[in-house]
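Residue numbers start from 1 in every chain, and the chains themselves are labelled A, B, ... in the order their sequence lines are given, proteins ahead of strands. None of these values were measured; they are calculated from a predicted model. The analysis underlying the following values was restricted to heavy atoms, covering all of them including side chains, and did not include hydrogens, waters or symmetry mates.
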Protein chains: 2
Amino acid sequence: MATPQTGAGDPVRSSELLWRAFEPQHTRPGPKPRLTVEQIVTAAIALADRDGLGALNMRNVAAELDVGTMSLYRYVPGKGELLDLMVDAVNAPDGDEPDTAGMDWREVLEYLASSTLTFYAAHPWILEVNQKRPVLGPQSLRGLDFALAAFDDHDLSDREAILIITAVFGTVTGIALSYLIQDVPADQGGPVSTEEEWWEVQLPYLQRAMESGRFPRMSRLDQEDAWNVTPETAVRHTLDAYLAGIAPRMEATYRPGARSPGRDAT
Amino acid sequence: MATPQTGAGDPVRSSELLWRAFEPQHTRPGPKPRLTVEQIVTAAIALADRDGLGALNMRNVAAELDVGTMSLYRYVPGKGELLDLMVDAVNAPDGDEPDTAGMDWREVLEYLASSTLTFYAAHPWILEVNQKRPVLGPQSLRGLDFALAAFDDHDLSDREAILIITAVFGTVTGIALSYLIQDVPADQGGPVSTEEEWWEVQLPYLQRAMESGRFPRMSRLDQEDAWNVTPETAVRHTLDAYLAGIAPRMEATYRPGARSPGRDAT
DNA sequence: CCTTGATCGGGTACGTTGTACCCAGTAATA
DNA sequence: TATTACTGGGTACAACGTACCCGATCAAGG
């Protein structure tokens, strides 16, 4: 096959590892570990970023770290759990997050959308990972917390806030899936690699289909114009319309400091 | 592993097979084929619907049809191409599509969204298939053509029409991905199967995280209320807002019969 | 200091996949 | 009837995840 994949290992083990930093460490007998979980996760992410998810297997990760394949299993229960850790780890902040204090709801949500899109562009393999059950690790939670800042000055129910975040996030993800048709790092000269070749292959069939009269509306499209859309454009269009749609509600609930954290505790 | 997956085989072979009905058939020497591509695709879809994508392998498909594993390769070049065929085949109309003639743009798009969501619910494995390159087969094209009916009475550019369809489709897909956390058909009593158990495992860690003070906004959420969202609700919220957002534009471009097909050919 | 036993590195090997290759049986054509 | 393209499908191998094992290591107790 080309690019097998899955997500989510045993949640018990995944959770343990995700929150490992918060567990106390005591000294133990035996040799010092040669690796850390961080090193393995970092190497695995580098590998996936560079060579695609298809190249992510335990032997390759081990080779990346110059250790034996089975040594990885001293730190990580299996590949599924490793993927869980990778997914959370790539959500780590990159340092150029803005301060939400001076931003209104629209700015926060727009930042959320655009940073999510660049995130997918940087780690396209994430879109291939089968995120059945959401593994909420520290980094993912951090992102959620950041997003909630959009509603600091609004009197919205928790449910509505989550609904809006889900909408923005889901929109970007859905569009990214359609467009970030990541060209497999063309190490192997497989059947077809580039996007151009791909369309070239389909074209004659599509052409004949258009001429068949079975797709009257499609055949009237100016193909050149119709498909001239980048993921950025698509996200911008969708988000603009969506934000315009919720704007009345956001304005109606504007109440400075309504939800900002830390008020009632001081 | 648990649920390996991928999509897209050799596009040349996939395209040939997708459009095979339009190719002429001539009589040939040798024994009559015992199977058809349709039978294989149907069996594979039944298998995936029933047992999940994890159970979809060539040996199981062959067993389903009571033939030898390798016989499948007489009809289908490989698993990747079979998946391409499956994806297109499930897009076949189910007979209860409404007539778009009496529907306005909003009704068409709303139907598109809701039918897409029920589609994902019926074939959750589709969400796991890695749809890198879109394989545009006859059924997928038919769906696109249907969607374009929303703009029959509107004077929109092709590009804008595609943008809107992409938005609706992407939104539903993105949300479906977050929510249709398909519970693996629990044939194997694996580590954790049900959604409840899953949350039960995460809860203590989340609890501790909330208490850590690192996620001030998250920890102020009423968890019960905040996550009480179904995919239907989420889609409805997002779509309502989005449609409200594009409504002015749609009204501004209302021009009965502007794009309906077949006018200029009569 | 030496013993003990938990821990570490990692080699070997097996089960599950996709599928290349091969051979024997079959049926339209010459 | 002979030819030959085509069919069913068995065997076998490569890639992968990982169970299991052995020997090396080193904190703690004597």
Sub-4.5 Å side-chain heavy-atom contact between B:Thr36 and B:Val41: no
Pairwise distance CG(B:Leu35) to CG(B:Asp66) - rounded to 0.5 angstrom: 10.0 Å
Nearest-angstrom distance from the residue atom CG of B:Asn57 to C1' of C:dT17: 7 Å
Position toward the 5' end of DNA chain D (nearest nucleotide), A:Lys32 or A:Asn60: A:Asn60
Interatomic distance where CE belongs to B:Met70 and P belongs to D:dA12 [whole Å]: 14 Å
CH2 on A:Trp19 to CG on B:Leu206, rounded to 0.5 Å: 6.0 Å
Residues that A:Glu64 engages under side-chain hydrogen bond (donor to acceptor under 3.5 Å, both in side chains), provided they are two or more places apart: A:Arg50
Side chains of B:Arg142 and A:Arg214 in contact at under 4.5 Å (non-hydrogen atoms): no
Atom-to-atom span, CG of A:Leu56 to P of D:dT18 - whole angstrom: 12 Å
Between P of C:dT16 and CZ of B:Arg59, the distance in whole Å: 10 Å
Donor-acceptor contact below 3.5 Å, side chain B:Tyr120 vs main chain B:Ile126: no
Point-to-point distance, once rounded to the nearest 0.5 Å, from CG of B:Leu82 to OH of B:Tyr73: 9.0 Å
Rounded distance (Å) that lies between atom C1' of C:dA20 and atom OH of B:Tyr73: 10 Å
Per B:Pro31 side chain, nearest of listed nucleotides C:dT7, D:dT7, C:dT19: D:dT7
Integer-rounded Å distance: D:dG17 C1' and A:Leu83 CG: 12 Å
Nearest to side-chain heavy atoms of B:Val67, which nucleotide of D:dG17, C:dT12, D:dG9: D:dG9
Stretch residues 33-47 of chain B: residues that reach within less than 4.0 Å of DNA chain D through a heavy atom: B:Pro33, B:Arg34, B:Leu35
Short side-chain N/O contact from A:Ser71 to OP1 or OP2 of C:dG9, under 4.0 Å: no
Among C:dG11, C:dA13, C:dT19, the one nearest B:Met58 by side-chain distance: C:dT19
Of the listed nucleotides D:dT18, D:dT11, C:dG5, the one nearest the side chain of A:Pro29: C:dG5
For atom CZ of B:Arg74 and atom P of C:dC21, their distance in whole Å: 13 Å
Protein-nucleotide distance (A:Tyr75, atom OH; D:dG17, atom P), rounded to Å: 19 Å
